[in-house]
Amino acid sequence: MEANVYFFAALVSTGIFLLQFILSIFFGNMDTDIDVNADGNADIDMSSVLSFKGLIHFCMGFGWFMYLCQPPYIVLHYLGAVISGSFFVFVLTWIYKLCYKLKQENKPEQGEELIGRKCEIYTRCQEQGQAGTEYVVYIAINGAQRELTVRSIQGKSYQEGDILTLKDYKEGIYYID
């Protein structure tokens with residue numbers, strides 16, 4: 001009889017979870033009960049863990065663990081069920097943190113923000129002239145490799161594959177040396 005109670009709790013909580021999951025897929029507005037700081041790190045506080053979704057996940061872990069254990073129940077079964085339910089809540093918070101990392105918006109990096117960043121010479125653009133030698137370099141901008149045109153102030157000659165640092169940015173032109 002007691003196993004039926006745990007089965008019912010597990011079944012109802014799993015049904016509610018599946019309903020929330022399906023609704024969030026088809027209707028898109030996924031209310032997550034999590035606050036996000038301006039620095040982009042997901043902030044999970046106790047109210048988020050003890051929310052309705054946290055309770056549903058705990059009941060799923062607790063209920064299924066107790067249902068799969070055979071009566072008579074002993075203290076270790078209850079302890080295992082609490083640990084299982086807590087694990088489900090931990091997985092929920094971990095998935096929320098991963099989702100918020102994906103949702104994080106990139107700030108475009110331009111101009112002086114790139115000064116001091118390493119870049120790799122890809123090719124030379126033009127021969128040495130009055131303003132210096134120009135190169136196309138690979139540089140990490142917003143987490144992706146981009147091509148950028150840079151100019152050598154002193155007209156030094158660099159080989160393809162050389163790793164340099166951006167030194168200056170004036171009037172829309174990046175300088176190395």
Side-chain angles (χ1 to χ4, degrees), residues 14 17-58 60-61 83-177:
T14 303
F17 167 75
L18 290 175
L19 180 67
Q20 285 179 332
F21 182 72
I22 290 170
L23 288 176
S24 69
I25 287 175
F26 289 117
F27 297 107
N29 283 338
M30 192 170 148
D31 184 22
T32 57
D33 299 331
I34 296 179
D35 299 327
V36 176
N37 292 335
D39 61 4
N41 295 331
D43 181 24
I44 311 248
D45 54 359
M46 269 321 255
S47 66
S48 297
V49 173
L50 299 176
S51 67
F52 181 70
K53 288 182 181 180
L55 178 67
I56 292 300
H57 281 75
F58 182 82
M60 279 191 329
I83 291 171
S84 176
S86 300
F87 177 74
F88 273 55
V89 173
F90 170 75
V91 169
L92 171 71
T93 57
W94 180 66
I95 288 173
Y96 279 165
K97 283 186 178 185
L98 291 178
C99 288
Y100 273 111
K101 284 182 183 178
L102 291 174
K103 192 176 180 180
Q104 182 180 17
E105 293 182 26
N106 286 336
K107 290 186 341 186
E109 296 176 313
Q110 301 174 10
E112 308 233 348
E113 295 174 344
L114 300 178
I115 304 277
R117 196 160 302 173
K118 300 277 186 196
C119 59
E120 178 183 352
I121 301 289
Y122 174 65
T123 188
R124 175 180 248 159
C125 285
Q126 65 183 20
E127 289 302 316
Q128 190 170 358
Q130 197 172 10
T133 305
E134 287 191 357
Y135 295 93
V136 175
V137 298
Y138 284 132
I139 187 167
I141 301 175
N142 289 330
Q145 287 288 83
R146 304 280 185 230
E147 291 180 357
L148 189 67
T149 303
V150 299
R151 191 174 285 170
S152 173
I153 300 171
Q154 299 173 355
K156 287 184 181 177
S157 182
Y158 296 104
Q159 300 296 323
E160 293 176 4
D162 286 348
I163 306 294
L164 303 168
T165 303
L166 292 181
K167 297 291 184 186
D168 200 5
Y169 176 75
K170 292 179 184 171
E171 300 174 5
I173 300 171
Y174 293 97
Y175 293 95
I176 53 176
D177 279 337

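Count residues from 1 along the sequence. Side-chain atoms are counted along with the backbone in the values below, which use heavy atoms only and exclude waters and symmetry mates.
The side-chain heavy atoms of Arg124 and Ser157, taken from C-beta on, include a pair separated by under 4.5 Å. Between Ile176 and Ile121, the closest side-chain pair of non-hydrogen atoms falls below 4.5 Å. Between Asp162 and Glu120 the shortest side-chain heavy-atom distance does not fall below 4.5 Å. Proximity of Val137 to Tyr122: side-chain heavy atoms (C-beta onward) are nowhere separated by under 4.5 Å. Residues Val150 and Leu166 meet the side-chain proximity criterion, which asks for heavy atoms closer than 4.5 Å. Leu114 places a side-chain heavy atom less than 4.5 Å from the side chain of Tyr174. Between Glu160 and Thr123, some side-chain heavy-atom pair lies under the 4.5 Å cut-off. Looking only at side-chain heavy atoms (C-beta outward), Phe58 and Ser86 come within less than 4.5 Å of each other.
Heavy-atom minimum distance, Lys118 versus Ile139: O-CG1, 3.6 Å. Pairing each heavy atom of Cys125 with each of Thr149, the nearest pair is SG-CG2, 4.4 Å.
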Q | side chain to side chain contact (heavy atoms under 4.5 Å, CB included) evaluation trace for Met60 with Phe17 | A | CA-CA 9 Å; Met60 279 191 329; Phe17 167 75; 3.7 Å; yes
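Of the inter-residue distances, the one linking His57 atom NE2 with Ser51 atom OG reads 9.5 Å to the nearest 0.5 angstrom. We find the CD-NZ distance between Glu112 and Lys170 to be 10.0 Å, quoted to the nearest 0.5 Å. With rounding to the nearest 0.5 Å, the separation of OG1 in Thr14 from CG in Leu19 is 12.5 Å. Annotation: the span from Ile141 atom CD1 to Glu113 atom CD amounts to 10.0 Å, rounded to 0.5 Å.
The stretch residues 140-164 participates, sequence neighbours left out, in these ring pair (Phe, Tyr, Trp, His ring centres under 6.0 Å) pairs: Tyr135-Tyr158.
Ring geometry, Phe90 versus Phe87: the interplanar angle falls from 30° to 60°, so the pair is classed tilted.
Taking the salt bridge (charged side-chain N to carboxylate O under 4.0 Å, His left out) definition, one finds that Lys167 meets it with nothing, sequence neighbours left out. Every residue meeting the side-chain contact (heavy atoms from CB on, under 4.5 Å) condition with Gln20, not counting sequence neighbours, appears here in chain and number order: Ile16, Phe52, Lys53.
More than 12 heavy atoms of other residues, nucleotides or ligands sit less than 6.0 Å from atom CD of Gln145.
At distances below 3.5 Å, at least one donor-acceptor pair connects side-chain atoms of Ser84 with backbone N or O atoms of Gly61.
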